[in-house]
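What follows is one structure encoded as C-alpha cells, with my remarks underneath.
Labels below follow one simple rule: chain letters A, B, ... track the order of the sequence lines, proteins then strands, and each chain is numbered from 1.
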Amino acid sequence: MVKATLVVDQKARMIDATGTIRTSDLIVATLFGADGNILGVYNPEATYNKNDKIPYITEDGELIIIVALHDGVTGPFNKMDWEEWSVVSELDGLYDDYIVLSYSKPSLRRNKVWLEITEESMQEAMEHNFTTNDAGLLIYKNLVVSARKPTMTKDLIWGVITEKAN
Amino acid sequence: MSLNPRNLYGLGFSPLSIENKRHAFDEEMVADKRVGLFGIHHSDSESDTSYIVSAEYLGRCKEHLTETINRNLTDNTIGKIYKLTLDDDLIHTVTKTGNVFSNSVSINNGNEPFTVLRFNIDFDLFRNENLIQLLGDDIDISIEFTLKKGGSSKTFMISEKLVDLNSKAYALGYDFVPPGTEGEYEISIDSMTFTMPDGYDNTAYNMVVYEILMTLV
C-alpha cells in the first residue's frame, strides 16, 4: 500500500522560538534565491506586522529583502511601508553590548569589538562638517571615511565621502 | 594429524529474502538479494508488529533527505517534505514500464493552498553483470496528481525525464476553483509511472528506487 509520511516541516524548522525566520537561513535563501519565493511574495490580502520580511525585486531586477516598518501593512503594495533589510542592519541593536568606540583600548575586551578612533579621522570629519551623535564619533581607525583613498589599505575598510552631512 | 584440504568443506548460507519476511524470526537477517541490501527483522508477537532495520538503508536515506533539504533551500521551495513508501519492503525494483502506485495518497492542507510541488527520487540503475551504474537518461516518469478545494478538483500530469525530475519544482494554481468556493485544500498523488526504454531487459539491468521524497509548499 502506498503511504505518505511527513518527514520534516522544513519551514517550521527555520522559524525560531520567537516566530521569526532564522537569520542564517534567510541569508542563504537570499544569496541563492532566484524567483522571489523565499517567504512568499507580497500578498495584498495578508496583513504584515513590523519586522516581517518578504522578498522584493527592484526595478533593476535585483532581489532584495524588505522589512515592514509598522504593524498592519496590507492592501496594495506601498513602498513607504517597507525598507530594505540587510544582515548588518540586524546588528544595530548590538552596539551597546558588543561594539566599543573609543580613543583608548577598553580594559575589558571580552566578547567586544573595539573600533579605535584616531585624531586624523576626527580632523577629516570636522573639515567636512561631519556631525556626531550623542553616543560618540562615527569615524574609527580601521574604518576610514575620507575623500581620498588612504595609501595603506591593508586591514582597513575605506568609505569614500560622497556628500556632506546635513 | 594433518589436515587434508579435500576433507574440508565450506559452509554457506543464504539469508532469508526480504519478500519472505513474514516467515522471519525476531532478529533474523533478511536481504534484498536483487541489490545486496541487508537488514535485521524485528518482530513482537505480543503486539503483532514487525519491521526491518538496515544501517545501510538508513544512511542512504539520511543523505537523500539532506540533499533534498539543501536543494529546497537553494531553490526557495521551503515547505513540508513527505516520504512516499510504495510497499512494505525497504526498496522497490522497477522491472518494466508501469504505474508503481497501488493506490493514491492524499494530503490535506486546511485553508492554506498548496503552491509548489516537487519530487526527489533516489534511484540506482545498473548492469547486473558488472555493476556499472547508468544515469537513466532514457527513462521517463509520469506523475498524475489532483488538486482539490471543496467540491472542485482538477487532475494534472507531470511528464519528465527521470533525471530531470529532481531538479524541477512545479507551481500549483487554482484557476479551476470558482470564486467563493468553500472547503479545504487537498492534493492527491494518483499514479507514478516509469517508462523504461524500448528493449529494456530487467534480467540484465536492475532499476532500484530507494526513496521518494515529495515537497509541498
Side-chain angles (χ1 to χ4, degrees), chain A residues 1-49 52-58 61-67 74-75 77 84-87, chain B residues 61-62 64-66 68-89 92 99-109 111-113 115-120 143 145 167 169-172 186-192 209 211-217:
Chain A
M1 181 179 175
V2 183
K3 294 178 236 179
T5 307
L6 177 64
V7 177
V8 61
D9 186 336
Q10 192 171 357
K11 187 170 183 179
R13 284 179 79 240
M14 290 174 63
I15 298 176
D16 62 20
T18 67
T20 308
I21 298 284
R22 290 194 299 238
T23 301
S24 58
D25 291 323
L26 193 60
I27 292 169
V28 174
T30 303
L31 286 174
F32 297 101
D35 59 4
N37 284 329
I38 302 167
L39 304 168
V41 294
Y42 183 75
N43 180 0
E45 295 180 8
T47 300
Y48 299 90
N49 294 318
D52 281 350
K53 299 174 183 65
I54 61 170
Y56 179 75
I57 307 290
T58 67
E62 182 187 2
L63 174 68
I64 62 172
I65 299 293
I66 55 176
V67 58
T74 188
F77 182 78
E84 185 174 353
W85 174 84
S86 71
V87 174
Chain B
C61 287
K62 186 173 182 180
H64 185 219
L65 178 61
T66 302
T68 300
I69 288 173
N70 289 337
R71 182 171 287 173
N72 284 344
L73 197 61
T74 56
D75 292 349
N76 307 319
T77 53
I78 302 167
K80 294 181 180 178
I81 301 174
Y82 295 85
K83 175 168 178 167
L84 303 180
T85 47
L86 299 179
D87 42 44
D88 295 331
D89 291 338
H92 184 89
N99 174 25
V100 297
F101 270 42
S102 55
N103 54 275
S104 63
V105 287
S106 297
I107 295 169
N108 185 294
N109 208 34
N111 295 322
E112 292 292 323
T115 57
V116 176
L117 168 68
R118 68 180 308 172
F119 294 89
N120 198 341
I143 302 172
F145 66 95
S167 60
Y170 303 91
L172 306 176
E186 191 176 299
I187 186 171
S188 68
I189 311 299
D190 304 319
S191 69
M192 183 177 288
V209 176
E211 188 177 56
I212 301 173
L213 295 179
M214 176 178 71
T215 298
L216 284 168
V217 181

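Of all the heavy atoms in Ala4(A) and Val105(B), the pair that sits closest is N-CG1, 4.0 Å. The two residues Lys80(B) and Leu6(A) come nearest to each other via the heavy atoms CB-CD1, 3.6 Å. Pairing each heavy atom of Val100(B) with each of Val2(A), the nearest pair is O-CG2, 4.4 Å.
Taking CD of Gln10(A) as the reference point, atom CG of Asn70(B) lies at 8.0 Å (rounded to 0.5 Å). Atom OG1 of Thr5(A) and atom CD1 of Ile107(B) lie 9.0 Å apart (nearest 0.5 Å).
There is no contact between Ile212(B) and chain A, counting heavy-atom distances below 4.5 Å.
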